[in-house]
Amino acid sequence: MNLESLQQSCPLVSRMGHPADSHVQVKNVKIGGSGLVVMAGPCAVEDEEQIMTIAAAVKAAGAQVLRGGAFKPRTSPYTFQGMGEAGLILLKQAGEAFDMPVVTELMDSEDFDLINEYTDIIQIGARNMQNFSLLKRVGKAGKPVMLKRGLSATLEEFLMAAEYIMASGNDQVILCERGIRTFETHMRNTLDLNVVTAVKELSHLPIIIDPSHATGKWQMVSPLSRAAVAIGADGLMIEVHHKPKEALSDGPQSLKPERFNQLMQELGHIHGIIRQTDSWS
């Protein structure tokens, strides 16, 4: 796939028709362009004390967007599926308390009105990347959408999914690489950092990295976050939990607040160096 072929299949996503980098404005946060945006929070909202504690920690560390799941797509039907509307209410309250836009996942068109009411960015998860009716639904909403790459999706399929949203009338699209499924079993997934440079060449849309789901191991989150910033990603989505061993969802891949704070300082230094280097070119 080259720029010319992408222009034919994805004219709205292609950089050929939109040479300048686009950005998505979410309240006071600009995603795309020269800045670096970090979305952080727990995998799932569990209770008021948990989401308020984590929101305070990530805000203090410098995160701009609060993440948290209320409806959780889980491999096993017997694991925690999220709090539903009660979780959305708590997430919105935490976002308002700390002046942070919130992002959460939409799993089903039936839940659209509920998610749309409480969230600022609608996330389409990896399992729904090619749920075309859902893509069309959020495309008609006009609200920012973060589209995660599917488990085994090619770059072309990923961008075509974004085209579905844009063709339905919504140009506020953020791409998210969260790792793909390969033969490797040591990590949860394999993080494809190549896709960042490819997207930057082919498309004008901003792209962020989710190192938490890419690895499934908190020890790998910081190194891959640093690499993502160095390679030019527009942002990161990182899971943080103050008691990861007690987390109801994805504790092993969640950073403790103190580690997240240290990572944010490191990312600031790396991003500054990259911006300085770019200004020389």
Fill in: Heavy-atom donor-acceptor pair, Thr104 side chain to Gly68 backbone, under 3.5 Å
yes

Worksheet item: How many angstroms lie between atom CG of Leu134 and atom CD1 of Ile165, to the nearest 0.5 angstrom?
Response: 8.5 Å

Item to complete: Report yes or no: does Asp21 contribute a side-chain atom to a donor-acceptor pair with the main-chain N or O of Gly33 at less than 3.5 Å?
Response: no

Discussion item. Any heavy-atom pair between the side chains of Met129 and Phe158 that's under 4.5 Å?
Written reply: yes

Worksheet entry | For Ala198 against Leu155, the heavy-atom pair lying closest together | CB-CD2, 3.6 Å

Worksheet entry | Contacts of type side chain to side chain contact (heavy atoms under 4.5 Å, CB included), residue Asp113, not counting sequence neighbours | Arg137

Worksheet item: Can you pull the ring-ring contact (aromatic ring centres under 6.0 Å, His included) pairs that have at least one residue in residues 31-53, sequence neighbours excluded?
Response: none

Discussion item. Does any part of the side chain of Pro206, heavy atoms only, come nearer than 4.5 Å to the side chain of Ser22, both counted from C-beta?
Written reply: yes

Fill in: Sub-4.5 Å side-chain heavy-atom contact between Glu246 and His241
no

Item to complete: Give a yes or no on whether the backbone of Val102 and the side-chain of Thr119 come within a donor-acceptor separation of less than 3.5 Å.
Response: yes

Worksheet item: Is there a chain of hydrophobic side chains (I, L, V, M, F, W, Y, each step under 4.5 Å between heavy atoms) that links Met166 to Leu159?
Response: yes

Worksheet item: For Met146, which fellow cluster members are found when Ile, Leu, Val, Met, Phe, Trp and Tyr are connected by side-chain heavy-atom distances below 4.5 angstrom, either directly or through intermediates?
Response: Val24, Val26, Val29, Ile31, Val37, Met39, Val65, Val103, Ile121, Ile174, Ile208, Met237

Practice prompt. Carefully, step by step, assess Glu105 and Lys148 under the rule side chain to side chain contact (heavy atoms under 4.5 Å, CB included).
Written response: CA-CA 10 Å; Glu105 182 172 354; Lys148 285 197 165 187; over 6 Å; no

Worksheet item: So, do Glu163 and Ser9 sit near enough that their side-chain heavy atoms are less than 4.5 Å apart?
Response: no

Worksheet item: In this structure, which one of Arg188, Lys217, Gln219 forms a side chain to side chain donor-acceptor pair (under 3.5 Å) with Gln253?
Response: Arg188

Fill in: Nearest heavy atoms of Ile180 and Ala153, plus distance in Å
CG2-O, 4.4 Å

Response to the item:
For Phe183, the hydrophobic cluster (side chain heavy atoms closer than 4.5 Å, chained through members) also holds none

Fill in: CZ-CD1 distance between Arg275 and Ile270, expressed to the nearest 0.5 angstrom
15.0 Å

Worksheet item: What's the verdict on side-chain hydrogen bond (donor to acceptor under 3.5 Å, both in side chains) for Asn131 and Ser133, showing C-alpha distance, side-chain angles and the deciding distance?
Response: CA-CA 6 Å; Asn131 184 338; Ser133 61; 3.0 Å; yes

Donor-acceptor pairs under 3.5 Å, side chain of residues 48-64 to any protein atom, not counting sequence neighbours: which ones?
unit_1, atom_1, unit_2, atom_2, d
Glu49, OE2, Thr53, OG1, 3.2
Gln50, OE1, Glu46, N, 2.9
Gln50, NE2, Ala44, O, 3.0
Thr53, OG1, Glu49, O, 2.7
Lys59, NZ, Phe98, O, 3.4
Gln64, OE1, Val38, N, 2.8
Gln64, NE2, Leu36, O, 2.9

Discussion item. I need the Arg181 CZ to Leu151 CG distance, nearest 0.5 Å.
Written reply: 5.0 Å

Worksheet item: Is a side-chain N or O of Arg178 found less than 3.5 angstrom from the main chain of Pro211, in a donor-acceptor match?
Response: no

Item to complete: List in chain and number order the residues that pass side-chain hydrogen bond (donor to acceptor under 3.5 Å, both in side chains) with Glu258, two or more places apart in sequence or in another chain; answer none if no residue qualifies.
Response: none

Fill in: Pairs satisfying side-chain hydrogen bond (donor to acceptor under 3.5 Å, both in side chains), at least one member in residues 167-176, at least two apart
none

Item to complete: May I ask you to decide whether Glu157 forms a salt bridge with Arg149, counting only side-chain N to carboxylate O separations under 4.0 Å?
Response: no

Worksheet item: So do the side chains of Glu177 and Ile209 get within less than 4.5 Å of each other, counting heavy atoms only?
Response: yes

Practice prompt. Mind listing the closest non-hydrogen atom pair of Leu175 and Ala162 along with its distance?
Written response: CD2-CB, 3.9 Å

Worksheet item: So how far is it from Ser254 OG to Lys245 NZ, rounded to the nearest 0.5 Å?
Response: 13.5 Å

Item to complete: Give the minimum heavy-atom separation between Leu255 and Ser222, together with the two atoms involved.
Response: CD1-OG, 4.2 Å

Worksheet item: Counting only N and O atoms by type, is there a donor-acceptor contact under 3.5 Å from the side chain of Glu184 to the main-chain atoms of His186?
Response: yes

Fill in: Minimum heavy-atom distance between Leu90 and Asp47, given as atom pair plus value
CD1-C, 3.8 Å

Discussion item. How about NZ on Lys200, more than 12 heavy atoms from neighbouring residues, nucleotides or ligands closer than 6.0 Å, or not?
Written reply: yes

Worksheet item: How many angstroms lie between CD in Glu266 and CG in Asn261, if you round to the nearest 0.5 Å?
Response: 10.0 Å

Worksheet item: Can you check whether Leu205 reaches Leu147 side chain to side chain, under 4.5 Å on heavy atoms?
Response: no

Worksheet item: With a cut-off of 6.0 Å (strictly less than), are more than 12 heavy atoms of other residues, nucleotides or ligands near CZ of Arg226?
Response: yes

Worksheet item: Excluding sequence neighbours, so at least two apart, what forms ring pair (Phe, Tyr, Trp, His ring centres under 6.0 Å) with His204?
Response: His18

Item to complete: Please round to the nearest 0.5 Å and tell me the distance separating atom CG of Leu91 and atom CD of Gln93.
Response: 10.0 Å

Discussion item. Taking Met160 as the starting point, is it possible to reach Val145 by hopping between hydrophobic residues whose side chains are less than 4.5 Å apart?
Written reply: no

Discussion item. The criterion is ring pair (Phe, Tyr, Trp, His ring centres under 6.0 Å); which residues satisfy it with His269, sequence neighbours excluded?
Written reply: none

Discussion item. With a 4.5 Å cut-off on side-chain heavy atoms, are Asp120 and Pro144 touching?
Written reply: no

Fill in: Contact summary for Phe260 and Ala40, nearest pair of heavy atoms
CZ-CB, 3.6 Å

Item to complete: List for me each residue that meets side chain to side chain contact (heavy atoms under 4.5 Å, CB included) alongside Gln25, sequence neighbours excluded, and say none if there are none.
Response: His23, Lys30

Practice prompt. Check whether any side-chain heavy atom of Glu85 lies under 4.5 Å from a side-chain heavy atom of Tyr118, and answer yes or no.
Written response: yes

Worksheet item: Is Ile207 reachable from Leu224 through a run of I, L, V, M, F, W or Y residues, each pair having side-chain heavy atoms under 4.5 Å apart?
Response: yes

Item to complete: Examine distances only and state if a side-chain atom of Ser212 and a backbone atom of Glu239 form a donor-acceptor pair shorter than 3.5 Å.
Response: yes

Worksheet item: Residues two or more places apart in sequence or in another chain: which of them pass side chain to side chain contact (heavy atoms under 4.5 Å, CB included) with Asp108?
Response: Glu110, Asp111

Discussion item. Show, in sequence, the C-alpha distance, side-chain angles and deciding distance for Val221 and Thr215, and conclude whether the side chain to side chain contact (heavy atoms under 4.5 Å, CB included) test is met.
Written reply: CA-CA 7 Å; Val221 170; Thr215 66; 4.0 Å; yes

Worksheet item: Looking at residues at least two apart in the chain, or sitting in another chain, which of them share a ring pair (Phe, Tyr, Trp, His ring centres under 6.0 Å) with Tyr164?
Response: Phe132

